[in-house]
Amino acid sequence: MHLRLRSQKEMTALQEELIEANQRLHIAAETDELTGLPNRRPFMSELEHHTHSLYVSSITTMMIDVDHFKQYNDLYGHVQGDFALRYVANTLKQVLVPCGHMVARIGGEEFCALLVNVSAHEALTLAEKMRQEVLSLNIPHSGNNPFNVLSISVGVAHQLVEEPVTTQQLLENADAALYRAKQNGRNQVQSEPPNLD
């Protein structure tokens with residue numbers, strides 16, 4: 001009897017350890033190791049969820065790119081580049097997460113943000129705040145002329161969900177706006193459609 005109780009306790013302890021290990025693996029699979037932000041998988045899952053939610057009236061996606069980041073790595077090295085990405089990620093997070101929005105690192109120097117139930121004006125205001133906050137970090141970047149500090153470009157796509165909307169379209173629109181921001185000289189916010197405000 002005593003052996004059976006001990007065996008049950010050991011089995012319970014082992015099951016709890018396995019559950020904890022599984023939870024740690026799940027978190028690791030959905031978290032960007034460098035920045036601690038969510039990665040592409042949970043971002044896409046959230047985006048998909050909100051496009052089909054009855055409680056969502058609008059969705060805003062943002063594509064955010066660190067300007068001339070390859071040159072930054074070439075000039076200052078990859079270790080310094082990692083530090084810079086952490087600073088940028090933390091800045092984006094400080095602007096968006098307290099408002100209940102999501103920001104994720106989707107690869108390299110690229111980040112995505114997801115804002116739900118905000119107006120186009122609010123979305124653009126937050127995008128501009130992120131841009132200014134990153135600029136105010138004053139991280140030297142001599143390869144980012146004419147600014148000479150690290151900066152970001154942001155593409156914003158705002159969509160009312162009364163008409164059918166796909167995650168692909170939301171991301172393509174944000175990407176088109178980001179492309180325009182880069183074409184127009186970087187360190188700026190552009191929207192799709194243009195003149196969204």
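- Side-chain heavy atoms closer than 4.5 Å link hydrophobic residues (I, L, V, M, F, W, Y) into clusters, and following such links, even through other members, never connects V156 to I59.
- A donor and an acceptor atom, one from each side chain of Q190 and Q188, are located under 3.5 Å apart.
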Requested in this report: Test side chain to side chain contact (heavy atoms under 4.5 Å, CB included) on L150 and L135 and set out the steps.
Outcome: CA-CA 6 Å; L150 202 72; L135 206 60; over 6 Å; no

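- Annotation for V88 and I152: closest pair CG1-CG2, 4.3 Å, computed over non-hydrogen atoms.
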Requested in this report: For N117 and S58, run side chain to side chain donor-acceptor pair (under 3.5 Å): C-alpha distance rounded to whole Å, both residues' side-chain angles, the deciding distance at 0.1 Å, then the answer.
Outcome: CA-CA 5 Å; N117 295 335; S58 71; 4.7 Å; no

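- To the nearest 0.5 Å, atoms NZ (K182) and CG (N187) are separated by 13.5 Å.
- A177 and E192 get closest at one heavy-atom pair: CB-N, 3.8 Å.
- D67 and S151 are linked by a side-chain donor-acceptor pair at a separation below 3.5 angstrom, with hydrogens and angles left out of the test.
- Residues S153 and D65 bring no donor and acceptor atom of their side chains to less than 3.5 Å of each other.
- Annotation: side chain of N173 is not in contact with side chain of H158 (no heavy-atom distance under 4.5 Å).
- Using a 4.5 Å cut-off between side-chain heavy atoms of Ile, Leu, Val, Met, Phe, Trp and Tyr, with links allowed through other members, V56 and M102 fall into the same hydrophobic cluster.
- Within a 6.0 Å sphere centred on OH of Y87, other residues, nucleotides and ligands contribute 12 heavy atoms or fewer.
- With a 6.0 Å cutoff to the six-membered ring centre and a 45° limit on the axis angle, R40 does not count as a cation-pi contact of F43.
- Summarising the geometry, atom CG belonging to L170 is positioned 5.0 Å from atom OG1 belonging to T61; distances are rounded to the nearest 0.5 Å.
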**Report entry** I139 vs Y76, side chain to side chain contact (heavy atoms under 4.5 Å, CB included): CA-CA, chis, key distance, verdict
**Finding:** CA-CA 11 Å; I139 298 172; Y76 304 101; over 6 Å; no

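- Looking only at side-chain heavy atoms (C-beta outward), L126 and L96 come within less than 4.5 Å of each other.
- You'll find the side chain of H141 reaches within 4.5 Å of the side chain of L75, heavy atoms only.
- With hydrophobic clusters built from ILVMFWY side chains whose heavy atoms lie under 4.5 angstrom apart, V103 shares a cluster with M130.
- Here the straight-line distance linking atom CZ of R131 with atom OG of S136 works out to 10.0 Å at 0.5 Å rounding.
- For the pair K70 and E109, the salt-bridge criterion is not met [side-chain N within less than 4.0 Å of a carboxylate O].
- More than 12 non-hydrogen atoms from other residues, nucleotides or ligands lie less than 6.0 angstrom from CZ of F147.
- Looking at E48 and S45, their side chains never come closer than 4.5 Å, going by heavy atoms from C-beta outward.
- Looking at every heavy atom in both residues, L124 comes nearest to V189 through CD2-CG1, 4.0 Å.
- The shortest distance between side-chain heavy atoms of V118 and H101 falls below 4.5 Å.
- There is a side-chain donor-acceptor pair under 3.5 Å between E122 and S119.
- Here the side chains of R105 and L34 are in contact, with some heavy-atom distance below 4.5 Å.
- The main-chain N or O of V149 is found under 3.5 Å from a side-chain atom of N144 such that the two form a donor-acceptor pair.
- Of the possible polar contacts, none joining the S53 side chain to the H50 backbone as a donor-acceptor pair under 3.5 Å is found.
- Tracing side-chain contacts under 4.5 Å through hydrophobic residues (I, L, V, M, F, W, Y), one reaches M62 starting from V66; they form part of the same cluster.
- For the atom pair I106 CD1 and R41 CZ, the distance stands at 15.0 Å (nearest 0.5 Å).
- Classification of the Y72-F69 ring pair by plane angle, with boundaries at 30° and 60°, yields parallel.
- Pairing each heavy atom of N148 with each of S142, the nearest pair is OD1-O, 3.7 Å.
- L115 is connected to L37 through a chain of hydrophobic side-chain contacts under 4.5 Å among Ile, Leu, Val, Met, Phe, Trp and Tyr, so both are in one cluster.
- Atom CD of residue E172 and atom OG1 of residue T167 lie 9.5 Å apart, to the nearest 0.5 angstrom.
- In this structure, OG1 on T91 lies 13.5 Å from CZ on R86, to the nearest 0.5 angstrom.
- Residues E133 and L137 are not in side-chain contact: their nearest non-hydrogen atoms beyond the backbone lie 4.5 Å or more apart.
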